[in-house]
Each structure stands twice: as structure tokens, then as C-alpha cells.
Amino acid sequence: MLKLPPVIAIDGPSASGKGTVAALVAERLGFHYLDSGALYRLTALAALRTGVQLDDEAALADLVLQLDARFESSEIYLNGCCVTDELRTESCGETASKVAVFPAVRAALLARQHAFRRWPGLVADGRDMGSVVFPDAVLKIFLTATVNERAERRYKQLMGKGFGANLANLLMELQDRDARDASRAVAPLKQEHDAILLDTTQISVNDAVDFVLKNFKLAMDIQVNY
Ligand code: C5P
């Protein structure tokens with residue numbers, strides 16, 4: 001018997017499609033969903049709006065503790081205002097990866113992330129879901145795709161939303177962000193030894209969702225039988 005709600009941790013680099021896959025898996029299972037990147041993006045946005053310096057670790061951690069954030073269906077609110085589109089911009093992602101290097105910021109965000117773990121279960125996506133935030137996750141997936149494929153996906157996504165985008169710049173920004181996320185001292189982006197690799201370069205979203213669901217069922221069967 002599980003004492004805590006089961007967690008599926010889906011980690012991977014920017015624009016790998018992990019958010020789309022994680023949200024669909026959560027929907028199929030009737031589970032809660034945590035987009036942990038949105039919390040780092042909210043921190044970045046709150047810092048820019050309040051004038052907190054992006055290198056002031058203590059002030060950024062304080063900001064996290066006071067963060068008035070709300071997730072409601074597919075919209076995200078900061079201080080009561082909808083900021084969903086603003087959060088998804090490349091510049092917000094870039095700033096998020098700068099504030100995410102600080103251990104005090106990461107520590108301050110831990111409790112908020114743990115609060116998403118409710119019955120009947122949680123699908124959480126990010127960089128350190130399986131390694132730091134939910135190390136006891138029933139299933140850990142490392143979801144990736146080549147950087148060229150990810151740049152193209154992000155390009156189509158931005159154009160589809162009516163934002164301007166430049167493919168060559170997106171590619172460079174993704175490479176920079178990958179390097180920063182993978183080389184930081186705390187909770188770097190990497191495939192954990194107990195995470196299953198899912199490369200989505202050549203597979204559809206539906207196939208990726210089915211892959212996660214199949215492995216979740218297998219993992220739950222093992223939990224029940226032992
Ligand atoms: O996943 P997303 O692109 O929204 O994340 C934005 C940034 O937040 C990432 O580039 C990464 O630096 C940081 N992040 C993190 N740990 C997480 C989720 C996001 O460091 N669990």
C-alpha cells in the first residue's frame with residue numbers, strides 16, 4: 001500500500017515537450033499536475049517587477065516565500081493577474097534559469113512543490129523532480145529530443161501564438177539554457193540512474209503519453225506485488 005500519493009516525475013531539457021506530455025498523462029490518470037518550471041518563471045517575473053536584483057540570492061529567496069501565485073486550470077496568476085503568456089516567453093525562461101542556480105531559491109520553492117502532491121496522484125515536470133523534489137517517485141522519466149528538434153518545436157509554438165521568433169536565435173538560446181541548467185552546482189539537469197530515457201525526436205505526443213502510462217502501470221504493479 002502506498003502511504004503517499006504516487007508521483008510520476010518527468011524531467012528533461014527546455015522545449016523537449018515534457019510539459020505537454022506530463023499534462024496529458026495527468027489528464028488521462030485524473031492526477032494533479034505540477035509545472036515546476038512555472039514556479040521558477042514566476043520567481044523571475046516577480047523579481048523583474050519588484051526590482052529585486054537577479055544576483056541577490058537572499059532577496060530572491062524572500063520573494064519566493066511571499067510569492068502570491070495561483071494555478072487555475074491552464075492559467076497562472078501572479079498577485080491576482082493572469083501572467084500565463086508572459087511566463088512562456090523566451091526571456092522569462094532565460095531569467096528563470098538565472099534565478100534557478102541559487103540554492104536558497106531552490107530550497108524556498110521546495111515546500112510549494114511538495115504541496116502539489118495530493119491524492120489520487122501527481123505528475124510533475126521539471127529538471128530535478130526525480131532527483132531532489134520527489135526522489136521516491138514511482139516512475140521517473142527523462143524526456144528529451146535533439147536540440148534542433150526542440151528549437152523547431154519552440155519556433156512553431158511561438159509562431160502559433162502570434163509571437164515573433166527566429167529559429168537560429170532560439171537554437172542558440174536553448175543551447176545556452178541547456179548548458180546553464182546542466183552545469184549548475186545544485187540540482188543540475190541530468191538523467192538519473194533510475195530514470196527511463198524517452199527520446200521524442202521521432203515519436204508523436206500520443207506515443208510518448210502511451211509510453212509513460214504503460215511504464216506507470218508496470219511500476220504500480222511492482223509496488224503492489226512487493
Ligand atoms: O521548464 P521551463 O523551461 O519552464 O523552466 C524554466 C527554467 O527554470 C529552466 O531553464 C530551469 O533553469 C529552471 N527550472 C529548474 N528546475 C525545475 C524546473 C525549472 O531549475 N524543476
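The residues of the chain are indexed from 1 along the displayed sequence.
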Any residue meeting ring pair (Phe, Tyr, Trp, His ring centres under 6.0 Å) with Phe134, in chain and number order, not counting sequence neighbours
His114

List the residues meeting side chain to side chain donor-acceptor pair (under 3.5 Å) with Glu72, not counting sequence neighbours, and say none if there are none.
Arg70

Validation: residues 54-64 side-chain donor-acceptor distances under 3.5 Å, sequence neighbours left out:
residue: Asp56; atom: OD1; partner: Ala59; partner atom: N; Å: 3.2
residue: Glu57; atom: OE2; partner: Ala104; partner atom: N; Å: 2.9

Contacts of Tyr33 meeting ring pair (Phe, Tyr, Trp, His ring centres under 6.0 Å) (sequence neighbours excluded), chain-then-number -> none

Across all chains, not counting sequence neighbours, the side-chain contact (heavy atoms from CB on, under 4.5 Å) partners of Thr89 are Ser91, Cys92

Acceptor/donor pairs from residues 159-167 side chains to any protein atom, 3.5 angstrom cut, sequence neighbours excluded:
residue: Asn166; atom: OD1; partner: Ala168; partner atom: N; Å: 3.0
residue: Asn166; atom: OD1; partner: Asn169; partner atom: N; Å: 2.9

Which residues share a ring pair (Phe, Tyr, Trp, His ring centres under 6.0 Å) with Phe102, sequence neighbours left out
none

Glu86 bridged to Arg49 by N-O distance under 4.0 Å:
yes

For Ser14, does its backbone N or O pair with a side-chain atom of Arg150 as donor and acceptor, under 3.5 Å?
yes

Give the table of side-chain donor-acceptor pairs shorter than 3.5 Å for residues 1-13, with sequence neighbours excluded, one pair per line with atom names and distance.
residue: Asp11; atom: OD1; partner: Arg127; partner atom: N; Å: 3.1
residue: Asp11; atom: OD1; partner: Asp128; partner atom: N; Å: 3.2
residue: Asp11; atom: OD1; partner: Met129; partner atom: N; Å: 2.9
residue: Asp11; atom: OD2; partner: Met129; partner atom: N; Å: 3.2
residue: Asp11; atom: OD2; partner: Gly130; partner atom: N; Å: 2.9

Which other residues end up in the same hydrophobic cluster as Leu197, if Ile, Leu, Val, Met, Phe, Trp and Tyr are linked when side-chain heavy atoms come under 4.5 Å apart?
Phe142, Leu189

Please output the side-chain donor-acceptor pairs of residues 208-218 that fall under 3.5 Å, not counting sequence neighbours, one pair per line with the distance.
residue: Asp210; atom: OD1; partner: Arg28; partner atom: NH2; Å: 3.4
residue: Asn215; atom: ND2; partner: Phe211; partner atom: O; Å: 2.8
residue: Lys217; atom: NZ; partner: Asp221; partner atom: OD2; Å: 3.2

Partners passing side-chain contact (heavy atoms from CB on, under 4.5 Å) against Glu75 (at least two apart in sequence or in another chain)
Tyr77, Cys82, Thr84

Taking the hydrophobic residues Ile, Leu, Val, Met, Phe, Trp and Tyr, and joining any pair whose side-chain heavy atoms are under 4.5 Å apart, which ones share a cluster with Leu65?
none

